[in-house]
Amino acid sequence: MEPADLLITQFRTYLNWNKCRLSVLAYLVLGLLQKQTVNFTHLATTFPGKSQTASCYRRIQRFFLEVVFEEAVTARMIAGLLAPEGKWQLSMDRTNWMFGIFKINILFLAINYKGMAIPILWTLLPKKGCSNTTERIELLQRFQKIFPEQAIQRLLMDREFKGKRWLKFLVHGNWPFWGLSQVGTLVPNKHQNRLLPVTRIFSLTTGETMAIRQPRKVWGQMVYLAASKKGNDPMVVICNAEPWRAIEDYLQRWQIETMFQAMKGRGFNLEETHLKDRDKISKLLCALALAFCWAYKTGDWINDATPIKLKSHGRKAQSIFRAGLDYLARILHHVDTWLEEIYGAVELLFEVRWEKAS
């Protein structure tokens, strides 16, 4: 079997597509790993067979024009490949860039997993700048519809995600959340007789952390506050449970930033896409998410087998994602030499065993 055939066999268990479309998806995932770019011209050069590159390029264009990714199916597929067991820790954040004058602005919901976040759902926003409350609520409602029984440990958010209606939705919907407060947010003092900027509630010296265990009313809801000071102003976290661990837990939000880096300049160079149709960009993200999961899961396996060396500052010499991406790129560039390893990599991703032909 060729690498694409191995993927097609597994994709068929999730996607009710014909073989032609399954083949293109497999070629795209393999191409993303080999070329580490979303540029269609480069991806077309990785398609097998004797067809000209221009023909393969048009085949990719037709795929993104005609194919339909069912969001629920894709989300469950991604979660099945890499999501942890038990409660999920979620992060919500945006990434955006410009292609000429076209604004690409994507709101992501991701599952935190071993120092990385896994893209599970996203919304292409038809504007630049912050998301609004309606867009955020709609994203979480889609998540609940797809994963109605999934327990959530916490939802982590940056200071962009604010407002009375938003906080009311989270509190009344029993979403456990940790969100960064803006410096100017007004909250009652301890006597409940005066509103003060949230940073004045805390009296901290550099390096100190403090949690207020009695709830305060913020944007009409009773919530807890915790703060940590490293610079001039303290970092204040709003949460609805366990304020004593809010700062430590909130810092796990950096995992979605690592995901953005992997999708962009340190991995698949998402910003190189020339797509201007938001529906097609969303389809591209589906293929990219599959390649992303494969790279990270492979890197995690590599690190378990032979731990990645640490540099003097204590960080890994190479990220887990990068280790997996480089390994897959190498074996896919030399299929004849590394065929057994390719079988193993697909087994790892889908947790299957193959009956290999002799």
Side-chain angles (χ1 to χ4, degrees), residues 11 14-15 17 21-22 24-25 27-29 31-32 35-44 57-79 90-111 117-147 157-158 160-161 166 256-257 259-265 267-293:
F11 289 159
Y14 295 92
L15 304 168
W17 294 357
R21 290 183 177 178
L22 290 171
V24 176
L25 178 60
Y27 300 155
L28 288 171
V29 170
L32 285 165
K35 293 295 185 180
Q36 298 170 27
T37 179
V38 297
N39 184 284
F40 286 0
T41 301
H42 295 300
L43 294 176
Y57 183 89
R58 289 191 295 272
R59 192 174 177 187
I60 295 174
Q61 288 181 312
R62 288 195 300 272
F63 176 84
F64 283 101
L65 179 65
E66 299 170 359
V67 77
V68 175
F69 282 92
E70 293 183 31
E71 181 178 69
V73 174
T74 306
R76 293 190 190 104
M77 182 178 181
I78 294 168
L90 303 177
S91 289
M92 180 183 285
D93 205 354
R94 281 185 315 110
T95 188
N96 63 94
W97 67 95
M98 299 288 290
F99 176 55
I101 62 172
F102 182 72
K103 308 173 187 67
I104 301 176
N105 192 9
I106 312 172
L107 176 65
F108 277 96
L109 187 65
I111 305 168
I118 309 159
I120 197 76
L121 290 173
W122 48 84
T123 298
L124 274 291
L125 303 177
K127 61 184 181 182
K128 68 176 182 179
C130 299
S131 61
N132 60 42
T133 298
T134 299
E135 291 160 343
R136 298 192 290 268
I137 290 176
E138 188 268 342
L139 182 59
L140 290 185
Q141 287 175 336
R142 283 157 49 200
F143 175 87
Q144 288 178 312
K145 185 177 180 180
I146 296 169
F147 302 102
M157 309 167 290
D158 201 356
E160 169 187 327
F161 304 97
W166 174 239
I256 197 169
E257 302 292 349
M259 181 192 84
F260 290 150
Q261 293 173 4
M263 286 183 161
K264 293 180 172 181
F268 296 112
N269 292 289
L270 179 57
E271 292 172 313
E272 292 182 359
T273 181
H274 290 180
L275 293 175
K276 294 183 180 180
D277 182 287
R278 293 184 177 88
D279 183 55
K280 293 178 182 178
I281 295 172
S282 184
K283 293 174 184 178
L284 175 62
L285 289 171
C286 292
L288 189 149
L290 295 173
F292 173 91
C293 287

*May I ask you to decide if the ring planes of F64 and F40 are parallel, tilted or perpendicular, using 30° and 60° as cut-offs?*
parallel
*asked:* Would I106 and W97 count as a side chain to side chain contact (heavy atoms under 4.5 Å, CB included) here? Give the steps.
replied: CA-CA 9 Å; I106 312 172; W97 67 95; 4.0 Å; yes
_Side-chain heavy-atom pair L275, F99 within 4.5 angstrom cut-off_ = no
*Taking N269 for its side chain and Q36 for its backbone only, find out whether a donor-acceptor pair lies under 3.5 Å.*
yes
*Trace of the side chain to side chain contact (heavy atoms under 4.5 Å, CB included) decision for L32 with F292*: CA-CA 9 Å; L32 285 165; F292 173 91; over 6 Å; no
*Steps toward side chain to side chain donor-acceptor pair (under 3.5 Å) verdict (T123, E135)*: CA-CA 8 Å; T123 298; E135 291 160 343; over 6 Å; no
*How many angstroms lie between atom CE of M157 and atom CZ of R136, to the nearest 0.5 angstrom?*
8.5 Å
*Just by modelled atom types, is the V67 backbone N or O under 3.5 Å from a matching donor or acceptor in the K283 side chain?*
yes
*Beyond-backbone contact of K127 with N132, side-chain heavy atoms, under 4.5 angstrom*: yes
*asked:* Is it the case that the side chain of E160 and the backbone of D93 share a donor-acceptor pair, with hydrogens and angles ignored and the cut-off at 3.5 Å?
replied: no
*Counting distance only, does the side-chain N/O of R142 pair as donor-acceptor with the main-chain N or O of W122 below 3.5 Å?*
yes
*State the NZ-CG distance between K280 and L65, to the nearest 0.5 angstrom.*
5.0 Å
_Other residues, nucleotides and ligands only: do more than 12 of their heavy atoms fall within 6.0 Å of CD on E257?_
yes
*Below 4.5 Å, heavy atoms only, C-beta onward: do L285 and L124 meet side chain to side chain?*
yes
*Is there a donor-acceptor pair under 3.5 Å between the side chain of R59 and the backbone N or O of V24?*
no
*Got a donor-acceptor contact below 3.5 angstrom from the R94 side chain to the G129 backbone?*
yes
_Spatial distance of atom CD1 (I281) from atom CG (L270) [nearest 0.5 Å]_ = 8.0 Å
_From E271 atom CD to N96 atom CG, the distance as rounded to the nearest 0.5 Å_ = 9.0 Å
_Audit row: R76, Y14, side chain to side chain contact (heavy atoms under 4.5 Å, CB included) steps and yes/no_ = CA-CA 9 Å; R76 293 190 190 104; Y14 295 92; over 6 Å; no
*Is S91 close to M259 at the side-chain level, that is, under 4.5 Å between some pair of heavy atoms?*
no
